[in-house]
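What follows is a single structure, written as structure tokens, with notes after it.
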Amino acid sequence: MQRTLAILKPDCVRKNLIGKVIKRFEAEGFKIVAMKLVKLNSKTAGEFYAVHKERPFFYDLVSFMTSGPCVPIVLEKENAIEDYRKVIGATDPAEADKGTVRKMYADSKEQNICHGSDAPETAAFEIGYFFSGKELVENME
Ligand code: CMP
């Protein structure tokens with residue numbers, strides 16, 4: 001069993017899509033292990049996305065991620081990291097496959113509805129960034 005960190009970004013919250021997107025994750029077989037509503041600030045968003053700090057889009061990314069509340073969620077499933085990335089689609093909705101969450105709901109590469117961990121090491125860091133061990137709840141039948 002593998003875990004990944006999803007974040008429903010501020011555009012997802014603003015568009016009242018939290019329920020629809022979580023419903024899709026559940027339908028795809030993911031179990032929710034932890035979830036909360038948080039408002040990032042420039043320090044916390046900058047720490048979370050530290051890997052991108054030299055990238056030209058870093059400032060805009062932090063500014064968008066602090067523009068409203070977001071919903072970090074720990075999801076669990078066999079092959080969760082890769083399967084989740086298939087469900088959400090490519091970073092840029094213009095390049096995302098039909099039926100993916102980003103193709104259906106995202107406006108742009110910047111405002112792309114959700115985040116997902118890209119590897120087991122990043123998932124471990126990202127889950128630990130938002131949740132303590134005690135907040136990770138067993139949710140398997
Ligand atoms: P996310 O999966 O949250 O990880 C980093 C984010 O940076 C990415 O989704 C995009 O929303 C955002 N981003 C903005 N501009 C770019 C870009 N040019 N290339 C890649 N990611 C970008």
Side-chain angles (χ1 to χ4, degrees), residues 1-140:
M1 206 52 74
Q2 190 178 55
R3 290 175 176 178
T4 189
L5 184 86
I7 304 177
L8 307 186
K9 296 185 178 186
D11 55 333
C12 183
V13 177
R14 266 196 291 275
K15 290 168 147 180
N16 296 324
L17 289 170
I18 294 174
K20 277 196 175 135
V21 175
I22 291 178
K23 186 174 180 180
R24 174 68 184 276
F25 296 159
E26 290 182 319
E28 296 282 353
F30 293 90
K31 291 286 182 187
I32 296 172
V33 170
M35 177 163 73
K36 59 173 84 165
L37 182 76
V38 296
K39 174 92 161 54
L40 295 172
N41 57 37
S42 40
K43 180 175 180 291
T44 51
E47 281 169 1
F48 180 80
Y49 280 117
V51 66
H52 296 303
K53 76 174 183 295
E54 306 303 333
R55 309 284 286 273
F57 58 82
F58 181 72
Y59 176 84
D60 288 343
L61 174 61
V62 168
S63 136
F64 169 58
M65 290 302 291
T66 57
S67 68
C70 63
V71 183
I73 309 171
V74 179
L75 295 171
E76 188 170 76
K77 183 184 181 294
E78 295 288 351
N79 204 33
I81 295 173
E82 199 185 323
D83 286 1
Y84 174 85
R85 292 173 73 80
K86 280 187 196 145
V87 171
I88 65 173
T91 304
D92 185 343
E95 289 163 17
D97 289 341
K98 195 162 174 259
T100 59
V101 170
R102 284 169 169 163
K103 185 60 150 194
M104 289 167 74
Y105 302 123
D107 292 331
S108 66
K109 201 191 291 184
E110 291 73 29
Q111 307 209 6
N112 65 352
I113 298 286
C114 49
H115 165 82
S117 309
D118 62 4
E121 310 76 55
T122 39
F125 165 76
E126 292 178 358
I127 290 169
Y129 192 80
F130 283 107
F131 299 98
S132 72
K134 282 187 210 154
E135 291 175 302
L136 303 171
V137 179
E138 290 299 322
N139 182 8
M140 303 310 294

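We count ligands from 1, going down the list as the structure has it; atoms in each ligand are counted the same way. Counting begins at 1 with the first residue of the sequence.
The proximity of Asp60 to ligand 1, defined as any non-hydrogen pair under 4.0 Å, does not occur for either the backbone or the side chain.
Side-chain atoms of Thr4 and Arg85 include no donor-acceptor pair closer than 3.5 Å. Side-chain contact, Asp97 with Thr100: no donor N or O sits under 3.5 Å from an acceptor N or O.
Nearest non-hydrogen protein atom to atom 6 (C) of ligand 1 is Leu61 CD1, 3.7 Å. At the shortest separation from atom 7 (O) of ligand 1 among protein heavy atoms lies Phe57 CE1, 3.4 Å. Counting protein heavy atoms only, atom 11 (O) of ligand 1 is closest to Lys109 O, 2.7 Å. Of all protein heavy atoms, the one closest to atom 2 (O) of ligand 1 is His115 ND1, 3.1 Å. Summary of contacts: the protein heavy atom closest to atom 9 (O) of ligand 1 is Lys9 NZ, 3.2 Å.
Distances between N or O atoms of Asn112 and those of ligand 1 include at least one value under 3.5 Å.
Note: Phe57 and His52 have tilted aromatic rings, judged against thresholds of 30 and 60 degrees for the angle between ring planes. Relative orientation of the Phe48 and Phe130 rings is tilted, given thresholds of 30° and 60° on the angle between their planes.
A cation-pi arrangement, defined by a distance under 6.0 Å to the six-membered ring centre and an angle within 45 degrees of its axis, is present between Lys77 and Phe30.
The environment of NZ in Lys53 is sparse: at most 12 heavy-atom neighbours from other residues, nucleotides or ligands sit within 6.0 Å.
Considering each of Phe48, Tyr49, Phe64, Phe58, the one bringing a non-hydrogen atom nearest atom 3 (O) of ligand 1 is Tyr49.
Aromatic ring centroids of Tyr49 and His115 lie under 6.0 Å apart.
Applying the 4.0 Å criterion to heavy atoms of Arg102 picks out, from ligand 1, the atoms 2 (O). Atoms of ligand 1 found under 4.0 Å from any heavy atom of His52 (numbered from 1 in listed order, with element): 4 (O), 5 (C).
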